[in-house]
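First up is the structure itself, then whatever we jot down about it.
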Amino acid sequence: MTVKTRFAPSPTGYLHIGGARTALYCWLYARKTGGNFLLRIEDTDRERSTQASVDAILEGMEWLQLDYDEEPVFQTDRFDRYAEVIQQLMDQGDAYYCYCSREELDEMRDQQRKNKQKPRYDGRCRHRSEPREGVDPVIRFRNPTDGEVVIDDLVKGKIVIANKELDDLIIARSDGTPTYNLTVVVDDIDMQMTHVIRGDDHINNTPRQINMYKALGAELPKFAHVPMILGDDGKRLSKRHGAVGVMQYREEGYLPQAVLNYLIRLGWSHGDQEIFSREEMIALFDIGDVHSAPSTFNTEKLQWLNQQYIKTLPVEEIIKHLQWHIEDQNLDISNGPELADVVNASRERAKSLADLVASCRYYYEDFTEYDLNAAKKNFKTATPDIMQALRDQLESLSEWELDSIDTAIKATCKTLDLKLNKVGPPLRVAVTGSAMSPSLDVTLKLVGRERTLKRLTQAIAFNRAKYA
RNA sequence: GUCCCCAUCGUCUAGUGGUUAGGACACUGCCCUUUCACGGCAGUAACCGGGGUUCAAGUCCCCGUGGGGACGCCA
C-alpha cells in the first residue's frame, strides 16, 4: 500500500518550530517511501482560525521547501461530510445528545477534582430520552466503558489505555459544528492516511480516536507520536511559550537547510553524522528511529549548523537566500564588487546571513565613522605617515590584483622598517572602518582601487585631526 | 489530583548484557594567523536513586524520584 502522511496544523498562529519538525518527519517519511504527503488545515475552530495564519503556515512550508502532493485540504470545506458521519454515529447509537450546561459540567469537574479524581464527563445524558427545553444540545460519542485500547506506536511502542479512563467526548458543538477528534478521524479515513505522525501531546486523544475508527468500521492507520521540543527552561515549546515561528529564523539569518538539519537531528540520529543533505535525510530517515524522549532546543548548535551551511553551500544558493537580507538591511549592491566574490571572501566568518550582509556594507558604501574600539586600538600617532606611505605605494600600482596589493603592503613595511602587524591592522580599519575583514589583499581588491585610496586619504585626515 | 509518556556529559545524541561509555554543540588550553573567523590538536564533563534477574546491567524487570503531556462546546 502506498504510504500517505499529512501535516495537519490549526491556523491559529504561525508555523512554529515544533510544528515544523512534525511536518519534516511526515514529509521525510512520505518521500522516503515514495508515498504522498498532504497538508490539511484544521480550521474548525472558527473563533481562532485566521487567514493570516493560513498564509503564515503556507509561507513557512514553502521556505522550508516541504512540498505537498495535493492542494491543501480545509476542514471548513467538509462540514457536510462531518455532519453525515455524525448522523451515522447517531443512527448507530454510538452518539447521543447531551444537554448539560457549561455550569453543570464545571461543577461536575470541580467535584471530581475535589475527590482527587480525573475530571471527566460522567455520562449523565447517555440514557436521556427527553430533550431539555430551550437548550441546544451537543453531541457526544458513546465511548466503550469496558476493555482497553492498544496503540502500537511507531516511536513509543505499545501503549495501553483502559476505556474506563476515557469519557464521552463532544463531537459536535451546540451550534452543530464538528470538533477536532471527529474531524481528524473522518479526514484521515477519507484521505486514506496510512501513517498518522504528530506530536505526542495527542497521545491522549488517540485511544478515543481509535474507538471512533472502530465504530465507523474503518481500518486503523499506523500512529507515530513524536516527543515535544522543550525550551531552555525545560518547559514545552509552544506558541504561548517562547516557540518562535520558522519565519523568524529567516529574519535572523538562518538558512532553511540549517533549520531542517537541526530539526532532524533533534530526536533522531544516524551514527555520528551531523550534516545531512536533503537527499541523505530522505534516504536515511525512518520514523521508527525517532527518539522517544523530549529534547531541548539549543540555539547554539543551530548557529553552528547555519555556519557550516554558509561555508559550504554553492555560492548561488547563498545569494538566493541573501537577497531577502540585502533588502531587509537596505543595502544597495549596485555600486561595488560582484556579490559572489564578496560572499566567497566573507562566508567563513559569518554566523548568519544577516551578519554576512551587515559585515559587507563597506564594499558598497562609504563611511565617515570608524568602529570605536577598532580605531582606538589601531590608530596611533604614527598612523598618518604609515597610511600616506601605503597610499603612495598602492597608488603607483599598475594593476589592482591580489599579488600586487600584497607586494605593495609588504614593500611599505620594508620602507618604513615596520612589521606587518604595525601596518596591517590600521590599514584594515582605514579601509573597512572595522577591525575584522578578510585578508587585506582580498579586502582591498574587492573594495577597489579608487575607494581604497579615498579611504586612506580620509584616514590620514582623520588621524591628523585627532593627533594635531 | 488522576491517567499517559520519558530519563547517558550543560545541550543534541551513539550504545540493544561483557565498551578505557563514542561523536557533535558549547566551554578551556595550545597550534595556525596581518584582524576576525575558519581549520587542526588536546582537555574538562554523563549512565537520576534503590531493589531485583544474571557469571556479568547504561542496556532486562519492579519501586521511587525528577521532567513532560493530557484531563475544553481548542486543536
Side-chain angles (χ1 to χ4, degrees), chain A residues 8-12 42-45 47-49 75 98 100 102 105-106 109 112-121 136-140 151 153 156-157 159-162 164-167 169-175 177 179-181 183-184 198-207 225 227-228 230 232 234-236 262 265-275 291-305 307 311 346-351 359 374 377-378 409-410 413 419-429 432 434-441 443:
Chain A
S10 65
T12 54
E42 311 222 320
D43 53 354
T44 52
D45 183 350
E47 303 272 303
R48 279 187 271 184
S49 300
Q75 293 193 316
C98 168
C100 297
R102 293 172 202 251
L105 294 173
D106 285 346
R109 292 188 191 111
Q112 288 165 330
R113 255 186 266 267
K114 214 172 282 175
N115 296 336
K116 304 197 168 187
Q117 290 172 318
K118 172 158 43 169
R120 51 193 284 282
Y121 182 64
D136 291 326
V138 299
I139 298 175
R140 289 184 185 269
I151 311 171
D153 197 275
K156 303 274 187 183
I159 302 170
V160 182
I161 293 107
K164 67 172 198 282
E165 294 295 336
L166 274 24
D167 64 357
L169 76 184
I170 292 171
I171 55 177
R173 302 183 180 94
S174 47
D175 65 1
T177 56
T179 62
Y180 168 74
N181 279 292
T183 59
V184 175
R198 63 191 7 166
D200 72 1
D201 50 336
H202 285 288
I203 282 189
N204 293 280
N205 292 134
T206 307
H225 288 98
M228 302 279 90
L230 274 26
D232 285 328
K235 293 274 186 246
R236 169 191 168 185
Y262 180 72
R265 275 291 282 105
L266 198 60
W268 176 87
S269 62
H270 180 72
D272 288 341
Q273 192 170 343
E274 295 289 346
I275 311 276
H291 199 123
S292 55
S295 35
T296 306
F297 193 88
N298 181 236
T299 308
E300 279 160 347
K301 184 143 186 189
L302 170 60
Q303 247 165 32
W304 175 77
L305 274 165
Q307 197 172 20
K311 265 167 47 187
S346 302
R347 67 204 306 191
E348 281 196 350
R349 61 209 87 217
K351 272 196 162 52
S359 68
K377 190 171 171 203
N378 296 296
I409 295 172
K410 286 188 176 136
C413 289
K419 290 214 159 135
L420 188 49
N421 63 10
K422 296 283 176 225
V423 176
L427 171 59
R428 172 170 284 106
V429 179
T432 71
S434 84
M436 47 194 125
S437 86
S439 69
L440 282 168
D441 47 357
T443 305

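Quick note on labels: first sequence line is chain A, next is B, and so on, each numbered from 1.
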Partner of B/U33 by Watson-Crick or G-U wobble geometry, both contacts under 3.5 Å, or none?
none
Is there a donor-acceptor pair closer than 3.5 Å between any side-chain N or O of A/Arg428 and the backbone N or O of A/Ser434?
no
Between B/U53 and B/C9, how far is it from one P atom to the other, in whole Å?
28 Å
Students often get this wrong, so: under 4.0 angstrom with heavy atoms, is A/Ser174 touching a base, only sugar-phosphate, or nothing?
base
Per-nucleotide protein contact string for nucleotides 32-49 of chain B, where B marks a base within reach and S marks sugar-phosphate only (heavy atoms under 4.0 Å, - for neither):
--BBBBSS----------
Given the C1' atoms of B/A70 and B/A75, what is the spacing between them in whole Å?
13 Å
Interatomic distance, A/Ile275 CD1 vs B/C12 P [rounded to whole Å]
18 Å
Does A/Asn378 have any side chain to side chain donor-acceptor pair (under 3.5 Å) partners at least two apart in sequence or in another chain, and if so, which?
none
What interatomic distance, in whole Å, is found between C1' of B/U16 and the corresponding atom of B/G22?
16 Å
Within the structure shown, what part of the strands sits under 4.0 Å from A/Arg102 by heavy-atom distance: base, sugar-phosphate, or nothing?
base
Return the pairing partner of B/U2 with a 3.5 Å limit on both distances, Watson-Crick or G-U wobble; otherwise return none.
B/A70
With sequence neighbours left out, the residues meeting side chain to side chain donor-acceptor pair (under 3.5 Å) with A/Asn115 are none
Protein proximity profile, nucleotides 1-10 of chain B - base contact B, sugar-phosphate-only contact S, no contact -, cut-off 4.0 Å on heavy atoms
BBSSSSS---
For A/Glu42, all residues meeting side chain to side chain donor-acceptor pair (under 3.5 Å), sequence neighbours excluded:
A/Arg40, A/Gln75
Rounded distance in Å between the C1' positions of B/A14 and B/G23:
7 Å
Say you pick atom P in B/U11 and the same atom in B/C73; how far apart are they, in whole Å?
38 Å
How far, in whole Å, is B/A26 from B/C63 if one measures between their P atoms?
41 Å
Could you give the CD1-to-P distance, from A/Ile170 to B/G72, as a whole number of Å?
9 Å
Between B/C71 and B/G18, how far is it from one C1' atom to the other, in whole Å?
45 Å
Identity of whatever pairs with B/A42 - Watson-Crick or G-U, under 3.5 angstrom:
B/U28
Rounding to an integer number of Å, can you tell me how far A/Asp201 CG sits from B/G69 P?
9 Å
Hey, does the side chain of A/Lys301 reach the backbone of A/Tyr262 with a donor-acceptor pair shorter than 3.5 angstrom?
no
Measure from CG on A/Leu305 to P on B/A26 and round the result to the nearest Å.
10 Å
When you measure from the side chain of A/Thr443 to the backbone N and O of A/Pro438, does any donor-acceptor pair fall under 3.5 Å?
yes
I'd like to check A/Asn205 versus A/Arg198 (side-chain heavy atoms, cut-off strictly below 4.5 Å). Are they in contact?
no
When all nucleic acid strands are considered with a 4.0 Å heavy-atom cut-off, which category describes A/Gly199: base, sugar-phosphate, or nothing?
nothing
Of all heavy-atom pairs linking A/Met228 and A/Asp201, the shortest is CE-OD1, 3.4 Å
Under 3.5 Å, is there a donor-acceptor pair between the side chain of A/Arg113 and the main chain of A/Lys116?
no
Out of B/A75, B/U13, B/C73, which nucleotide sits closest to the side chain of A/Tyr180?
B/A75
Just how far, in rounded Å, is P of B/A75 from CE of A/Met228?
17 Å
Suppose we screen for ring pair (Phe, Tyr, Trp, His ring centres under 6.0 Å). Which residues come up paired with A/Tyr121, at least two apart in sequence or across chains?
none
With respect to the phosphate group of B/A75, does any side-chain polar atom (N or O) of A/Thr44 fall under 4.0 Å of OP1 or OP2?
yes
I need the CG-P distance between A/Asp175 and B/C73, as an integer number of Å.
13 Å
In the structure shown, which nucleotide is the Watson-Crick or G-U wobble counterpart of B/G17, with both distances under 3.5 Å?
none
Got a donor-acceptor contact below 3.5 angstrom from the A/Ser269 side chain to the A/Arg265 backbone?
no
Using heavy-atom distances to pick each residue's nearest nucleotide on RNA chain B, tell me which of A/Arg140 and A/Phe297 is more 5'.
A/Phe297
Does A/Arg265 make a side-chain N or O approach to OP1 or OP2 of B/G23 shorter than 4.0 Å?
no
A/Ser269 vs B/A14: side-chain N/O to OP1/OP2 distance below 4.0 Å:
yes
Separation of the P atoms in B/A42 and B/U34, to the nearest angstrom:
25 Å
